[in-house]
Amino acid sequence: MNTRLLWTAFVTIVVKEIRRFTRIWVQTLLPPAITMTLYFIIFGNLIGSRIGDMGGFDYMEYIVPGLIMMSVITNSYGNVVSSFFGTKFQRNIEELLVSPVPNWVILAGYVIGGASRGLGVGFIVTLLSLFFTDLQIHHLFVTIAVVLLTAILFALGGFINAVYAKTFDDIAIVPTFILTPLTYLGGVFYSIQLLPGFWQGVSQLNPILYMVNSFRYGILGVSDINIGFAFAMIIGFIVLLGGYAMHLLNTGKGIRE
Amino acid sequence: MTTALSIQDLRKVYGNSFEALKGITLDVQQGDFFALLGPNGAGKSTTLGIVSSLVNKTSGKVKVFGYDLDTQLAQAKQCLGVVPQEFNFNPFEKVLDIVVTQAGYYGIPRKQATERAETYLRKLGLWDKRNERARMLSGGMKRRLMIARALVHEPKLLILDEPTAGVDIELRRSMWDFLTEINAAGTTIILTTHYLEEAESLCRNIAIIDHGSIIQDTSMKALLQKLDTETFILDLKDDFTELPELNGYVIRPRDAHTLEVDVPKSQGLNELFKFLAEQGMEVTSMRNKANRLEELFVSLVDKNLKQERA
Ligand SMILES: Nc1ncnc2c1ncn2[C@@H]1O[C@H](COP(=O)(O)OP(=O)(O)OP(=O)(O)O)[C@@H](O)[C@H]1O
Ligand SMILES: [Mg+2]
């Protein structure tokens, strides 16, 4: 297929993915909006006013970037894992497999489709946060780059999860037992400086910490970690997971007999 | 003449033990209307699955219009339209969206895709349903939806795995007309079916596959010529008193006024009718006992079974 045909195929997949999550917005867009509003009210306003400063900012300001990032991560992952698993489950993956769309375009389409939901929800949560705090972005480029790359990374993760998944349980395990704990412990709600030395070290093994902190750095200008290192790590993970996802697609794991 | 599909020594082992295809070789010429027949579990869907790259082959070669699936997969796929045995669209999507999206996968821009989708949905009588979710369609409509979806990129080779399963008689006939029409317009068609009457009336060439091997690969005409006797059922106006006997024919009673006659190809029917007329027996109607192809099919598969046991 030449570039123009590939582009049409790519856009077709992305549009189909975006239509899917907007069609079921009550399941996809509304819940994070409600949950995050509750977080803002309870943690930010009610409890936050008693906590005082965190990293030199008032608590609400401190957690907003973390909560936006948390929404982006959960929704990018969640979109691809359920959409691609559903496609496998209903067998309409075959529509793609019989067509000449190359595997990398299939992967790119699903990943960008999933990242779109992550970014869409992130945007909604950002708008909601404006009811509670003023957002001033310190480093626009860092903010945008880190949120984009994170969305892509977790969309890739969701894709790999979907390839391996055989039942609906399999698509819930990773988000519940790995993603959520890592996100909560990834500095969304606190600065790791509050932790004793040992636990600070352990926290630094959590990749999500780097994403949340880079994003917070983009907005507030403060970070617990080195931003250059964070970017290198995110890109490294994208290359790794992207390569692995391509390998799975090329061997037909979970999709071809 | 171009070969639309060429399969060489194709093998498939499922889960490294069950050998579903034991090395089949098959050619289908461009413009053909080809039937791939065989009992349940023979390996028809497996073969078509490999051709449409939904199933990985174990070994062998497959070429679609000369494009090797191993080295020129994208070109091969571009030539191919697939209607699978099982429904495989997203039941929550709208009919029109399903067809337009499929066109997009072949790189057809949206505007043109929508026009094509309209053409084929209209031809298949689904245009009124275009805004329904696919799961709201009846079984026969779902099949037609899959046909429209398979044609939207105007493939040179159309593969249909039991397209008329669960489709009522009237609709089946209109589907036959439609397939005959696109075949006449140049599309090569391969279909599998368990309705042998369908294969007989549509297809020019035929292969029979059984237990993963091809046991017959010939033209419909040549195959039917192999049938040396045909059984007819004759309804008589009056009850007969005595079973008529005629040299060269085997005549059996079915009930008091119905006869079953085995007629050898070499004898024909004239002599039989002349004889019955002489006996004063008036025939009110006559029909084939079974479809001709059906008789052959059963005998071939039986023979294969006996050989396998031996
Ligand atoms: N995914 C699979 N795993 C293991 N065995 C399979 C699989 N798919 C098919 N088979 C086996 O391979 C054989 C051929 O199956 P296939 O579906 O090709 O038959 P078929 O000729 O299409 O039959 P039918 O007329 O019932 O559709 C069968 O014995 C079947 O049980
Ligand atoms: Mg089958």
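A note on names: the letters A, B, ... follow the listed sequences, proteins ahead of strands, and every chain is numbered from 1.
Both the backbone and the side chain of Phe92(B) come within contact range of chain A, each with at least one heavy atom under 4.5 Å from a heavy atom of that chain. The contact between Arg23(A) and chain B is made entirely by side chain atoms (from C-beta outward), counting heavy-atom distances below 4.5 Å. For Ile50(B), no part sits under 4.5 Å from any heavy atom of chain A, backbone or side chain. For Val82(B), the part lying under 4.5 angstrom from a heavy atom of chain A is the side chain only.
For residues 129-146 of chain B, heavy-atom neighbours of chain A at less than 4.5 Å comprise Arg133(B), sorted by residue number. Residues of residues 67-80 of chain B that come closer than 4.5 Å to chain A, counting heavy atoms only, are Ala74(B), Lys77(B), Gln78(B), ordered by residue number. Proximity to chain B among residues 94-105 of chain A is limited to Glu94(A), Glu95(A), Leu96(A), Leu97(A), Val98(A), Ser99(A), Pro100(A), Val101(A), judged by heavy-atom separations below 4.5 angstrom. Within residues 236-254 of chain A, the residues having any heavy atom closer than 4.5 Å to a heavy atom of chain B are Thr251(A), listed by residue number.
Residues Thr193(B) and Glu198(B) have side chains that bring a donor and an acceptor to within less than 3.5 angstrom of each other. Side-chain contact, Asp32(B) with Thr188(B): no donor N or O sits under 3.5 Å from an acceptor N or O. No side-chain donor-acceptor contact under 3.5 Å links Thr25(B) and Gln8(B).
The closest donor-acceptor contact from the side chain of Arg110(B) to the backbone of Gly104(B) lies at 3.5 Å or more, if one exists at all. With hydrogens and angles disregarded, no donor-acceptor distance shorter than 3.5 Å links the side chain of Asn90(B) to the backbone of Asn92(A). The backbone N or O of Gly218(A) lies less than 3.5 Å from a partner atom in the side chain of Thr143(A), making a donor-acceptor pair.
Counting non-hydrogen atoms of other residues, nucleotides and ligands closer than 6.0 Å to NE2 of His211(B) gives a total of 12 or fewer. By the 6.0 Å contact criterion, OH on Tyr14(B) is enclosed, its count of non-hydrogen atoms from other residues, nucleotides or ligands being greater than 12.
Annotation: side chain of Phe40(A) is in contact with side chain of Leu67(A) (closest heavy-atom distance under 4.5 Å). Two residues are said to be in side-chain contact when any heavy atoms from C-beta on lie closer than 4.5 Å; Phe85(A) and Val163(A) fail this criterion. Residues Leu149(A) and Leu153(A) form no side-chain contact, since every pair of their non-hydrogen atoms from C-beta on lies 4.5 Å or further apart.
Ring geometry for Phe84(A) against Tyr110(A) counts as perpendicular: the plane angle is over 60°, on a 0 to 90° scale with 30° as the lower cut. Between Phe10(A) and Trp7(A), the two ring planes are tilted [angle within 30° to 60°]. In this pair, Phe89(A) and Phe168(A) present their aromatic rings perpendicular. The plane angle is above 60°, beyond the 30 to 60° band.
Between Glu154(B) and Arg116(B) there is a salt bridge, with a side-chain nitrogen of the basic residue lying less than 4.0 Å from a carboxylate oxygen of the acidic one. Look at Asp97(B) and Arg19(A) and you find a salt bridge, because one of the NZ, NE, NH1 or NH2 atoms lies within 4.0 Å of a carboxylate O, short of that distance.
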Chi angles and distances behind the side-chain contact (heavy atoms from CB on, under 4.5 Å) call for Val51(B), Ile190(B): CA-CA 11 Å; Val51(B) 173; Ile190(B) 301 177; over 6 Å; no
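Cation-pi contact between Lys123(B) and Phe178(B): absent, since separation from the ring centre below 6.0 Å together with deviation from the ring axis within 45° is not met.
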